[in-house]
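Before any comments, here is the structure.
Order of the sequence lines sets the chain letters (A, B, ...), proteins ahead of strands, with each chain counted from 1. All values below were derived from every heavy atom in this structure, side-chain atoms included, with hydrogens, water molecules and symmetry-related copies excluded.
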Number of protein chains: 2
Amino acid sequence: MNLERQWKDQLYQEFARIGKCLSSPKRLELIDLLAQGPKAVEQLAKLTGMSVANVSQHLQTLHESRLVRSHKRGNFVIYDIAEPSVAEFMISLHRLSEKQLVEIQKLKSEILHHSVNMEPIAMEELLVRMDRGEVVLLDVRPEDEYAMGHIPGAISVPMEELEQHLTSLPADKEIVAYCRGPYCLMSAQAVEILKSKGIKAARLEEGVHEWKRYMEDSKMSSI
Amino acid sequence: MNLERQWKDQLYQEFARIGKCLSSPKRLELIDLLAQGPKAVEQLAKLTGMSVANVSQHLQTLHESRLVRSHKRGNFVIYDIAEPSVAEFMISLHRLSEKQLVEIQKLKSEILHHSVNMEPIAMEELLVRMDRGEVVLLDVRPEDEYAMGHIPGAISVPMEELEQHLTSLPADKEIVAYCRGPYCLMSAQAVEILKSKGIKAARLEEGVHEWKRYMEDSKMSSI
DNA sequence: CAACTATTCAATTGTTTTATTGAATAGTTG
DNA sequence: CAACTATTCAATAAAACAATTGAATAGTTG
C-alpha cells in the first residue's frame, strides 16, 4: 500500500516544519525572547545581535509554522508567541537538550564559576524561605515582561534601575534575583552588583515559565 | 559585554543540534519508530522506505546529538532511543504541531474518513469499558514492541497473525485495537479486517507513550 | 580462512538554507 | 504631502544538507 507511505511522508513533512524552526540557534533565541513577552523587530535584533532584515526573515519562518504571530501597533510590527504552549514546548526542548548534551551543562557551569559563589538557589528552598519572609524576590527583567507575568511575590526592579533602588531594599533580608530563565544572565549580573555593595544575594536560575512548570510538576508528585 | 553574546551563541548552537535532528521528516519518523522499541538498520529502512545507507546516515546524525544509542548484537547494529524522555519529548512535539498546524489535522481526518466510521474511541471511555469487562484491547504491533511495554490489560496480536486469531476472540465483546500511535495505521487496518468479518471493533488512536502521558495528566487534573 | 552479511564511510550531486545588501512598502509625523 | 521610521521583500553569494552510489569494514558462518 503505497498510499500509506505517501500519507506518512506528508504528515512527517508537516512535523518537520516545526522542526526546521528549531534548527537555527538564532530562531530558538527569538522564540525564548518572545516567550517572555511581545517585542518589535528592532528590539529583537538588538537583543540577539542580528541585522534587522535577518531577524525579520527568521520571524517570517516562525510565522509560517504558526509558532509566532504578529500585529501592527503604530508603525512597529509586534511579534508574540502564538500560544502559551509554545513556551511550554521550549522548556521541554531545553530539558531534553540539557539532559542529553553534556556540552550545555558545561557551558552553564562555566558561567557559574566565572563569578565566584554563584551557585543558584533551588526553587523549593526559595519558596519556603519566601513564605517565612526571609527573602525578597527581585524580577530584574524589563517592566513590560514583568507585567506579562511574574513569579508571585516578586517585585519588579529592571536591571537598569537596580543601582538606584539599592537603598530602598530591606537591609535585613536576603535578596534573590531572577530573569528570563537559565540562559539569561541578567540575574547573575544583578547578584554581582548586589554582592559588590555588600548585600547578601543569590540567583534563581528559573524564569516564569520554569516556575510554572515546577508548580505543575510538584502538584503531581504530591499525590 | 561581548562575552555574553558569545556564550549565548554557543549555548543556542547546542540547542539547535537537537533542533536540527527534528528538521528532517525521515529523522522524525525514525525516532518515532525507535520509541516503540529497539530496531536494526535494515528494519528501519524497510519501515521508512529509505535506502539502508540513507538510514544509517540519519541515525549517525541522531547519535551525535545523543538522541539514540546503539549496540551490536550478532552482526546487526541495534538502535534505540537514548532515554525514555526522548519519547516523551516527541509527544510534546506532536501535540504542538497538531495544535499549530491545521494541515496535520486535515491529514489525520482524511484517513479517518477514508474508511467509514473509523471515529476513534476516547482513552477515557476505553478505560471505563475495559474496567467493566465490555471490551478486549488488542495490541497489533510486532511482538517485541509489545514486550517492551504495552497498555495494561492489552493482549498481543501482531497484525500478520490477526486473521488466524479471529476465531479465538471473544464473540460477545467489542474489540479495540491500538498500535504505535496516532500516526500509525496498523490499528486502522486491523479494525477494517475485524469489521469485514462482522466483528464490532474500534480504533484507539493513542499508543503506549500517549497512554502514559494521559495517565500522568489525568493524575494531575484530579486534584 | 573464504564467502557472506549488515552496516558504515567517502565522494558526488542537486537542493535548501543562511546572511547580506539595497530597494520597496506601509505607516506616521511635522 | 514631504520626510522619516520600521519592516519587509528580492537578489545574491556562501554554506550546510540530503540522497545516491560504490567501496570499505567488522563480524559471522560454513
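Closest-nucleotide positions on DNA chain C for B:Phe76 and A:Lys72 were compared, and the one nearer the 5' end corresponds to B:Phe76.
The base-pairing partner of D:dT5, taking Watson-Crick or G-U wobble contacts with both distances under 3.5 Å, is C:dA26. Pairing of D:dT12, defined by two Watson-Crick or G-U wobble distances under 3.5 Å, is identified with C:dA19. Base pairing of C:dA10: its partner is D:dT21, meeting the Watson-Crick or G-U wobble criterion (both donor-acceptor distances under 3.5 Å).
Between the side chains of A:Tyr178 and A:Asp139, a donor-acceptor pair is found at a separation under 3.5 Å. No donor-acceptor contact under 3.5 angstrom links the side chains of B:Ser65 and B:Arg17, judged on distance only. A donor-acceptor contact closer than 3.5 angstrom is absent between the side chains of A:His71 and A:Asp80. No side-chain N or O of B:Arg141 forms a donor-acceptor pair with one of B:Ser156 less than 3.5 Å apart.
The interatomic distance linking B:Gln60 (CD) with D:dA19 (P) rounds to 15 Å, in whole Å. For the pair A:Glu42 CD and C:dA26 P, the interatomic distance rounds to 20 Å; values are reported in whole Å. B:Gln13 places its CD atom 15 Å from the P atom of D:dA15, with the value rounded to the nearest Å. Protein atom CG of A:Leu59 is 16 Å distant from nucleotide atom P of D:dA6, rounded to whole Å. B:Lys20 has its NZ atom 13 Å from the C1' atom of C:dT16, to the nearest Å. Nucleotide C:dT16 holds its C1' atom 14 Å from the CD atom of A:Glu64, rounded to whole Å. Atoms CG (A:Asn75) and C1' (D:dA6) sit 5 Å apart, rounded to a whole Å. Put simply, NE2 on B:His71 is 14 Å from C1' on C:dT7, counting in whole angstrom units.
The side chain of A:His58 contributes no N or O atom lying less than 4.0 Å from OP1 or OP2 of C:dT17. OP1 or OP2 of C:dA19 lies within a sub-4.0 Å distance of a side-chain N or O belonging to A:Asn54. Checking the phosphate oxygens (OP1, OP2) of C:dA19, no side-chain nitrogen or oxygen of A:Gln57 falls inside 4.0 Å. Of the side-chain N and O atoms in A:Tyr79, none sit less than 4.0 angstrom from OP1 or OP2 of D:dA6. Residue B:Arg73 has no polar side-chain atom (N or O) positioned under 4.0 Å from OP1 or OP2 of D:dG27.
Comparing D:dG22, D:dA16, D:dT7 against the side chain of B:Ala53 picks out D:dG22 as the nearest. The nucleotide whose nearest atom lies closest to any side-chain atom of A:Ala40 is, among C:dT8, C:dT18, D:dT7, D:dT7. Picking from D:dA18, D:dT8, C:dT7 the nucleotide with the shortest atom distance to the side chain of B:Ser56 gives C:dT7.
Residue-level contact check: B:Ser23 touches neither bases nor backbone, having no heavy atom under 4.0 Å from any strand.
With salt bridges taken as basic N to acidic carboxylate O contacts below 4.0 Å, one links B:Glu29 and A:Arg5. With respect to the salt-bridge test (charged N to carboxylate O, under 4.0 angstrom), the residues A:Lys8 and A:Glu4 qualify.
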